[in-house]
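One structure is given below, encoded as structure tokens.
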Amino acid sequence: VKNQEKSKYKDERLKNEDITICKRNVLGEYLYHIRELKGYTMEEVCPGICSVSMMSRAEDGSRNVDYFVVAALFDRMKLPENELELELFLENEQYEIYCLRRNIVIFIENEHYEQAEEVLAKYEKEVKEAGDLSFLQKQFVLYQRGILEQRIKRLEKNEISNIFEKAIALTAPDYKQKFEQREILSTTELSCIAEIAYCKENSPEKEYKFKDIYEYYQWCKKKEGVRE
């Protein structure tokens, strides 16, 4: 009986390992396909998120890379998390955190600000307890908190701007240079730039910044070969 139990446990463990490897390979192929389709190099996508070697191993399925790192890589390629359908690739703990992230965004979009604040606090607590308050998790918290404060109008504009400055600095501390030199920035990073510009007083400088953001998006489309 003991041998049968051991054999059953071993078979179950091997089955779970096979599923994990399969998920990893499919996700890696998808990551590679999107990057090739959009014409990005790993050197363009990775800065501030992970090393080129880590992305390479994620693409070929030889390494199990954290979901939130992968989501950030997709975001750099202008595929934000809310446009991806990657739930099937998540482990249980990551899925719970993913659901919290999704609920925060939904609550803010639907103007349920009290619920958004509650879930945002719960999210921050859970990722801390899981020992996963990485710079990407911090960026998500700061960005959503900035959006929330922007909607509630509880803080001064310069205070809200500082929140977005802190958020973007986690993955692109040199974002002004990258923006001006037309280097690759993620959807989240570009949203931070737009929110920082929005917090400025009405002026020609503010209008110029929004025009520049529009031109940056047009440059991205041209780079990716997207036709109007």
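Because the structure is a prediction, the values reported are computed rather than measured.
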Taking the side chain as every heavy atom from C-beta outward, state whether E224 and M77 have any atom pair closer than 4.5 Å.
no
Working to the nearest 0.5 angstrom, can you tell me the gap between Y208 OH and I213 CD1?
11.0 Å
Does atom OH (Y32) have a neighbourhood of more than 12 heavy atoms from anything else shown, all under 6.0 Å?
no
Determine the interplanar angle of the Y123 and F140 rings, folded into 0 to 90°, and report it as parallel if under 30°, tilted if 30 to 60°, perpendicular if over 60°.
tilted
N202 and its side chain to side chain donor-acceptor pair (under 3.5 Å) partner, picked from E205, K206, K200:
K206
Closest non-hydrogen contact found for Q150 with C199 is NE2-SG, 3.7 Å
Under a 3.5 Å distance rule, please check whether N103 uses its side chain to pair with a backbone N or O of C99 as donor and acceptor.
yes
side-chain contact (heavy atoms from CB on, under 4.5 Å) between E126 and Q137, worked out
CA-CA 11 Å; E126 291 204 5; Q137 303 284 23; over 6 Å; no
Donor-acceptor contact below 3.5 Å, side chain E180 vs main chain Q177:
no
Contacts of type ring-ring contact (aromatic ring centres under 6.0 Å, His included), residue Y175, not counting sequence neighbours:
none
Scanning both residues in full, the closest heavy-atom pair of A58 with V65 reads CB-CG2, 3.5 Å
Inter-residue atom distance H112.NE2 - I106.CD1, 0.5 Å rounding
11.0 Å
State, with a plain yes or no, whether a side-chain heavy atom of V127 is found less than 4.5 Å away from one of V141.
no
How about CZ on F210, more than 12 heavy atoms from neighbouring residues, nucleotides or ligands closer than 6.0 Å, or not?
yes
Can you confirm whether R76 sits close enough to T171 that some side-chain heavy atom of one is under 4.5 Å from a side-chain heavy atom of the other?
yes
How far apart are the C-alpha atoms of I160 and I196, what are their side-chain angles, what is the distance that settles it, and do they pass the side-chain contact (heavy atoms from CB on, under 4.5 Å) test?
CA-CA 8 Å; I160 297 172; I196 291 167; over 6 Å; no
Polar side chain donor-acceptor pair, Q139 to T188, under 3.5 angstrom:
no
Search all heavy atoms of V69 against all heavy atoms of C50 and return the closest pair with its distance.
CG1-CB, 4.1 Å
Check for me whether R145 meets the cation-pi criterion with Y143, that is, NZ or CZ under 6.0 Å from the six-membered ring centre and within 45 degrees of the ring axis.
no
Salt bridge or not for K122 and E96, using N-O below 4.0 Å?
no
Are E189 and S186 linked by a side-chain donor-acceptor pair shorter than 3.5 Å?
yes
So if you build clusters from Ile, Leu, Val, Met, Phe, Trp, Tyr with side-chain heavy-atom gaps below 4.5 Å, do Y217 and V45 land together?
yes
Kindly compute the distance separating CG (L73) from CE (M42), expressed to the nearest 0.5 Å.
10.5 Å
Tell me, please, which residues at least two apart from R151 pass salt bridge (charged side-chain N to carboxylate O under 4.0 Å, His left out).
none
Report the distance from atom CD of E149 to atom CG of N162, rounding to the nearest 0.5 Å.
12.5 Å
Aromatic centroids of F74 and Y30 separated by under 6.0 Å:
yes
Between Y216 and F179, what is the ring plane arrangement, given parallel below 30°, perpendicular above 60°, and tilted in between?
parallel
Answer yes or no: is there a side-chain heavy-atom contact under 4.5 Å between D75 and I49?
no
To the closest 0.5 Å, what do you measure between CD (E117) and CD1 (I108)?
9.0 Å
Working to the nearest 0.5 angstrom, can you tell me the gap between R102 CZ and I97 CD1?
14.0 Å
Take N110 and Q115 through the test side-chain contact (heavy atoms from CB on, under 4.5 Å) and record every step on the way to the result.
CA-CA 10 Å; N110 293 325; Q115 292 97 319; over 6 Å; no
Quick test of your reading of the model: are E44 and K38 salt-bridged, counting only N-O distances below 4.0 Å?
no
Please walk me through it: do E118 and F107 pass side-chain contact (heavy atoms from CB on, under 4.5 Å)?
CA-CA 10 Å; E118 289 175 6; F107 282 140; over 6 Å; no
Carboxylate-amine/guanidinium contact E59 R35, below 4.0 Å
yes
Does a side-chain heavy-atom distance below 4.5 Å link P47 with K178?
yes
Report, as yes or no, whether the 6.0 Å neighbourhood of atom CD on E43 holds more than 12 heavy atoms from other residues, nucleotides or ligands.
yes
Note: D212-K176 ion pair, threshold 4.0 Å (strictly below)
no
Minimum heavy-atom distance I184-W219, with the two atoms named
CD1-CH2, 3.8 Å
Check the hydrophobic clustering (I, L, V, M, F, W, Y; side-chain heavy atoms under 4.5 Å; chains of links allowed) and say if V70 and L37 are grouped together.
no
Short question: side chain of S161, backbone of K157 - any donor-acceptor pair under 3.5 Å?
no
How far apart are the closest heavy atoms of C220 and K78, and which atoms are they?
SG-CE, 3.8 Å
Applying a strict under-4.5 Å side-chain criterion to I, L, V, M, F, W and Y, I'd like to know whether Y67 and V26 cluster together.
yes
Minimum heavy-atom distance E183-Q181, with the two atoms named:
OE2-OE1, 3.1 Å
